[in-house]
Amino acid sequence: MEESRDLYDVYNTNASPPWTEPQHQCLEELDNVECLRRKIKYYFMNPCEKYHARGRKPWKLILQIIKIAIITIQLVSFGLSNQMVVTFKEESLMTFRHLFLKDYVDGSMDTYAVYRQEDVYDHIDYIIEQYGILHNTTVGNHEYEKNGAFYTPLTLCQEYYRNGTIFPGNETFEIDAQVETECLEVYPMYRPSLRQALPHFELHFKRMLSVKMTFVLKAINLQTVRHRELPDCYDFTVIITFHNQAHSGRIKVDLENDVDINECRGWKVTGASARNIHLTVLFDCLIIIMCIVSFTLCTRSVINGIQLMSEYTLYCRNYCSKQVPMSDKLEFLSGWYILIIVSDTLTIIGSILKMAIQTKVLTSYDVCSILLGTGTMFVWIGAIRYMGYFRKYNILILTLRAAFPNVIRFICCAGIIYLSYCFCGWIVLGPYHEKFRTLNTVSECLFSLINGDDMFPTFKNMKQKSSLVWIFSRVYLYTFVSLFIYMILSLFITIITDTYDTIKQQQQSGIPTSELQKFLSVCKDLPNSGVYRLDENNSCFLNCCINRCREHQERLTSEA
C-alpha cells in the first residue's frame, strides 16, 4: 500500500465520490467517515510522516537498523566458526583417503577401482595394515575409539548371494537371490596383515555384492584455539566400500565418513587469553531480546492492520452496500511485517542454538547456520520496505508485486515443458551422457543451458556409441535451447517490462487504481496539520457502525 500514498495526495476530481453523497450518509456521520480515512491514511504513512502527524518516534525503523547491524555481526562470527568445522571435515576426509586407499591420487575418486582378484585382497590388506600402524603414519591427532579399556575393532563385512552357479560360456546360471552378510572383526595391532588377522577369510567374487570395512577414529579440531574458541572432539566413522553389484569386472572403491561432533570431556588452555564465553552469550541474549521486541511491534502492526481492514469492510458493507475486493483487503496485511516476524522467529531459534553450541551443549552447526542465514537474509530483504517510501525506489517493489501473479502462472506453464524435457533427457540420454544420469543432474544441466552456460561441453561430451541416440540428442538440445532461450525467456521478460510500464504510467498519471486508493484520495489532511493527533484514540467510526447495526436490528425486531 506504500504506492497509494503517492497517489491519493495528488488525486483531484470535480465529481463528488459516492460515499460523500447525501443518499449514502447523513451529515452527522461525515466526521466518522473522515475519521476512518485519516486512520487508514495514517496507517500507510512512512515513519517520518507518522512523526509529523502524531509525534511518534520511528522506533521500528531504528530497531530494524540496529538489528540488521548486530545480526550481521553475529552471522559473520558464527560463519567463521562454521567454516573451520567444515574445513576440518573436508580435510579429514581427504586425509583418510590418502591413508587407507592404496595409490590414491587427489581427484581420482570417481575412477578409483580394482579389476583383479589379487588387487582386491591387496587393497583390503593395505587398509588393515594402515589401520594397525595409524599412530606411526598419520601427522594428525587421530586416535582409535575405545570401549572401556579396549580399542574398538575394524569390521569387515562381505555381502553375497546365498548360493549360485554361474557359467557364462554355456549361458547358464543358477542363483539364490537371498543376500547373506558375513562379518569379521580385526583389532588394531602392530603391522597386521589380512592373512594374519583373518587366516580363513575368502571372497566369493562370482556371488559377491560388496565388501564394506568400517572403523571409528577420534580427533580434536585444534584450529579453533587460535580464534579463542574451545575445540570440539570429533568421531569419524570411516566406511570403505568395494562395490560389485554390476559384476562387470570393475569393483569401484569408495570411502566416506560420518561425523559426530561431541563436547570434549576435559580441556585446559594455557598461554592464550581465552575469549570470555559469557560475553558472547550476552551478545546473543541481546539479539534475542531485540528480536522479541521487533516481533512484538510488527505483530501489533499486523493486528492494527486487521482491525482497520475490519472497520473499512464494515463501512463498505453498511454505508456503500458493496463488498471489499480481496486485493484491497490484502493491502492492510503488510507482507513486510510478516517477513520480519518470520525473520525474528528464525533468528531467535538460531541464536538459542548458537548459545548452546558456544557452551558446548549442542553441536548442530548445520541447523543453526540455516536458521541464522535465512533469518539474516529475511531481515535484509525486510529493509527494502523503507526504501519503498521513496518514489524512485518504490518502482521496483511495485513491479515485483504486480507482476508476481502473472509470473507464477507463467512459471507453472513453463515448468511443465521443463519437466517434460527433464524426463525425456534422463531416460534417453542418461546412459550416454554423465550430465543426464539422474533427474537432479538433468535439471541442473538444462537450467545451465537456459542461462547460456556450459553449452559446448554438453554437446561435445555426448558419446557417439549409438547413431540414433546421437541424432536424437542434437534434436533434443537444439529444440530445448531454441524454445527456452528465444521464446520462453523472451516472454518472461515481456511480462516484467509490461508490468513496469503499467506501474510507471499509473505513477505519472496519479489516478487511483483501486477503491481503497479512491477512498483515501478524498482526505487532503497533511501529516503536520494536527488533525491526526485528535484522532489518535478515536474509535468513533467503529462505534457508529456498531450502533447503526444495533438500531437496524432493533427496528427489524419492532416491525416483526
K.L.:
To the nearest 0.5 Å, what is the distance between NZ on Lys60 and OG1 on Thr296?
P.N.:
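Output value for this atom pair is 11.5 Å.
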K.L.:
Side-chain contact, heavy-atom cut-off 4.5 Å: Met290 with Ile71?
P.N.:
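No, too far: nothing below the 4.5 Å cut-off.
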K.L.:
Measuring from Asp453:CG to Thr458:OG1, what's the distance to the nearest 0.5 Å?
P.N.:
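Interatomic distance, Asp453 CG to Thr458 OG1, rounded to 0.5 Å: 9.5 Å.
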K.L.:
So, the side chain of Thr497 versus the backbone of Thr494: is there a donor-acceptor pair under 3.5 Å, distance only?
P.N.:
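Confirmed, Thr497 side chain pairs with Thr494 backbone.
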K.L.:
For the residue pair Phe447 and Asn451, what are the closest heavy atoms and their distance?
P.N.:
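Minimum heavy-atom separation between Phe447 and Asn451: O-ND2, 2.7 Å.
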K.L.:
Just do the side chain to side chain contact (heavy atoms under 4.5 Å, CB included) check on Leu255 and Tyr112 with the steps written out, would you?
P.N.:
CA-CA 10 Å; Leu255 186 149; Tyr112 191 83; over 6 Å; no
K.L.:
How far apart are the closest heavy atoms of Thr441 and Thr438, and which atoms are they?
P.N.:
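Heavy-atom minimum between the residues: OG1-O, 2.8 Å.
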K.L.:
Any donor and acceptor pair, going by atom type alone, linking the side chain of Thr87 with main-chain N or O of Met84 inside 3.5 Å?
P.N.:
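No, because the side chain of Thr87 does not come within donor-acceptor range (under 3.5 Å) of the backbone of Met84.
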K.L.:
Any chance OH of Tyr115 has more than 12 other-residue heavy atoms, nucleotides or ligands included, within less than 6.0 Å?
P.N.:
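Yes, OH of Tyr115 has more than 12 neighbouring heavy atoms, counting only those of other groups under 6.0 Å.
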K.L.:
Where is the tightest heavy-atom contact between Arg474 and Lys460, given as atom of each residue plus distance?
P.N.:
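Looking at all heavy atoms of both residues, the closest pair is NH2-N, 4.4 Å.
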K.L.:
Can you tell me how the ring of Phe236 sits relative to the ring of Phe88, calling it parallel under 30°, perpendicular over 60° and tilted otherwise?
P.N.:
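The arrangement is tilted - the two ring planes meet at 30° to 60°.
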K.L.:
Kindly say whether Ile341 contributes a backbone atom to a donor-acceptor pair with the side chain of Thr345 at under 3.5 angstrom?
P.N.:
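Yes; at least one donor-acceptor contact below 3.5 Å.
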K.L.:
Within the 4.5 Å heavy-atom criterion, are Leu439 and Phe423 side-chain neighbours or not?
P.N.:
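The answer is yes, as the side chains (C-beta and beyond) meet within the 4.5 Å cut-off.
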K.L.:
Any non-hydrogen side-chain atom of Ile240 less than 4.5 Å from a side-chain atom of Phe96?
P.N.:
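A side-chain contact under 4.5 Å is absent here.
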K.L.:
Return yes when atom CE of Met455 has more than 12 non-hydrogen atoms of other residues, nucleotides or ligands closer than 6.0 Å, and no otherwise.
P.N.:
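Check passes, neighbour count above 12.
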K.L.:
Less than 4.0 angstrom from a charged side-chain N to a carboxylate O is my criterion; do Lys67 and Asp344 meet it?
P.N.:
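Looking at Lys67 and Asp344, the cut-off is met.
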K.L.:
For the backbone of Cys291 and the side chain of Ser294, can you confirm whether one donor and one acceptor N or O come within less than 3.5 Å of each other?
P.N.:
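Side chain of Ser294 to backbone of Cys291, a donor-acceptor pair under 3.5 Å: no, none is there.
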K.L.:
Taking all non-hydrogen atoms of both residues into account, name the closest pair between Ile488 and Phe410 and its distance.
P.N.:
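Nearest pair, atom of Ile488 first, then Phe410: O-CZ, 3.3 Å.
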K.L.:
Give, for atom CD1 of Ile340 and atom CZ of Phe295, the distance between the pair rounded to the nearest 0.5 Å.
P.N.:
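So the gap between those two atoms works out to 12.0 Å.
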K.L.:
Does any part of the side chain of Leu449, heavy atoms only, come nearer than 4.5 Å to the side chain of Phe480, both counted from C-beta?
P.N.:
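Yes. Closest side-chain heavy atoms under 4.5 Å.
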K.L.:
Any chance CG of Asp106 has more than 12 other-residue heavy atoms, nucleotides or ligands included, within less than 6.0 Å?
P.N.:
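It does: Asp106 CG has more than 12 such atoms within range.
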K.L.:
Quick one, Leu372 with Ser351, criterion side chain to side chain contact (heavy atoms under 4.5 Å, CB included). Give me CA distance, side-chain angles, the key distance, then yes/no.
P.N.:
CA-CA 7 Å; Leu372 292 180; Ser351 298; 4.2 Å; yes
K.L.:
For Ile370 and Thr374, work out which heavy atoms get closest and say how close.
P.N.:
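Minimum heavy-atom separation between Ile370 and Thr374: O-OG1, 2.7 Å.
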K.L.:
Under the criterion side chain to side chain contact (heavy atoms under 4.5 Å, CB included), I'd like the reasoning laid out for Val238 against Met213: C-alpha separation, chi angles, the key distance, then a yes or no.
P.N.:
CA-CA 8 Å; Val238 183; Met213 307 179 69; over 6 Å; no
K.L.:
Nearest 0.5 angstrom please: Lys39 NZ to Tyr312 OH, how far?
P.N.:
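Reported to 0.5 Å precision, the distance equals 14.5 Å.
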K.L.:
Would you call the rings of His433 and Phe436 parallel, tilted or perpendicular, where under 30° means parallel and over 60° means perpendicular?
P.N.:
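Judged by the thresholds at 30° and 60°, the geometry between His433 and Phe436 is perpendicular.
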K.L.:
Under the criterion side chain to side chain contact (heavy atoms under 4.5 Å, CB included), I'd like the reasoning laid out for Cys424 against Phe472: C-alpha separation, chi angles, the key distance, then a yes or no.
P.N.:
CA-CA 11 Å; Cys424 180; Phe472 176 85; 3.4 Å; yes
K.L.:
Would you say that Asn304 contacts Gln307 through its side chain, given a criterion of any heavy-atom pair below 4.5 Å between the two side chains?
P.N.:
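SC-SC contact between Asn304 and Gln307 confirmed.
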K.L.:
Between Phe78 and Ile357, is there a side-chain heavy-atom distance shorter than 4.5 Å?
P.N.:
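Yes; the side chains approach each other to less than 4.5 Å.
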K.L.:
Mind checking whether Phe459 and Tyr478 have parallel, tilted or perpendicular rings, split at 30° and 60°?
P.N.:
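Aromatic pair Phe459/Tyr478 classed tilted.
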K.L.:
Looking at every non-hydrogen atom in both residues, tell me the closest pair between Thr479 and Val475 and how far apart they are.
P.N.:
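In terms of heavy atoms, the two residues are closest at OG1-O, 2.7 Å.
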K.L.:
Does Lys89 NZ have over 12 foreign heavy atoms under 6.0 Å away?
P.N.:
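Yes.
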K.L.:
Counting N and O atoms only, with roles assigned by atom type, does the side chain of Thr499 sit under 3.5 Å from a partner on the main chain of Ile495, one being a donor and the other an acceptor?
P.N.:
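Yes: the side chain of Thr499 pairs with the backbone of Ile495.
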K.L.:
Starting at NZ of Lys252, measure out to CG of Asp110 and round the result to the nearest 0.5 Å.
P.N.:
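Between atom NZ of Lys252 and atom CG of Asp110 there are 6.5 Å.
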K.L.:
Could you check whether any side-chain heavy atom of Trp336 comes within less than 4.5 Å of a side-chain heavy atom of Leu339, counting everything from C-beta outward?
P.N.:
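Sidechains of Leu339 and Trp336: in contact.
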K.L.:
Mind checking whether Tyr418 and Phe484 have parallel, tilted or perpendicular rings, split at 30° and 60°?
P.N.:
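Aromatic pair Tyr418/Phe484 classed perpendicular.
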K.L.:
Hey, is OH on Tyr161 packed in by over 12 heavy atoms from elsewhere, all under 6.0 Å?
P.N.:
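Result for OH/Tyr161: open.
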K.L.:
Nearest 0.5 angstrom please: Thr347 OG1 to Phe378 CZ, how far?
P.N.:
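Thr347 atom OG1 to Phe378 atom CZ measures 10.0 Å (nearest 0.5 Å).
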K.L.:
Quick one: sort the Phe242 and His123 rings into parallel, tilted or perpendicular, breaks at 30° and 60°.
P.N.:
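Rings of Phe242 and His123: perpendicular, over 60°.
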K.L.:
Hey, are Gln245 and Ser210 close enough side-chain-wise for a donor-acceptor pair under 3.5 Å?
P.N.:
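Side-chain D/A pair, Ser210 to Gln245: absent.
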K.L.:
Taking the side chain as every heavy atom from C-beta outward, state whether Leu93 and Glu256 have any pair of such atoms under 4.5 Å apart.
P.N.:
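SC-SC contact between Leu93 and Glu256 ruled out.
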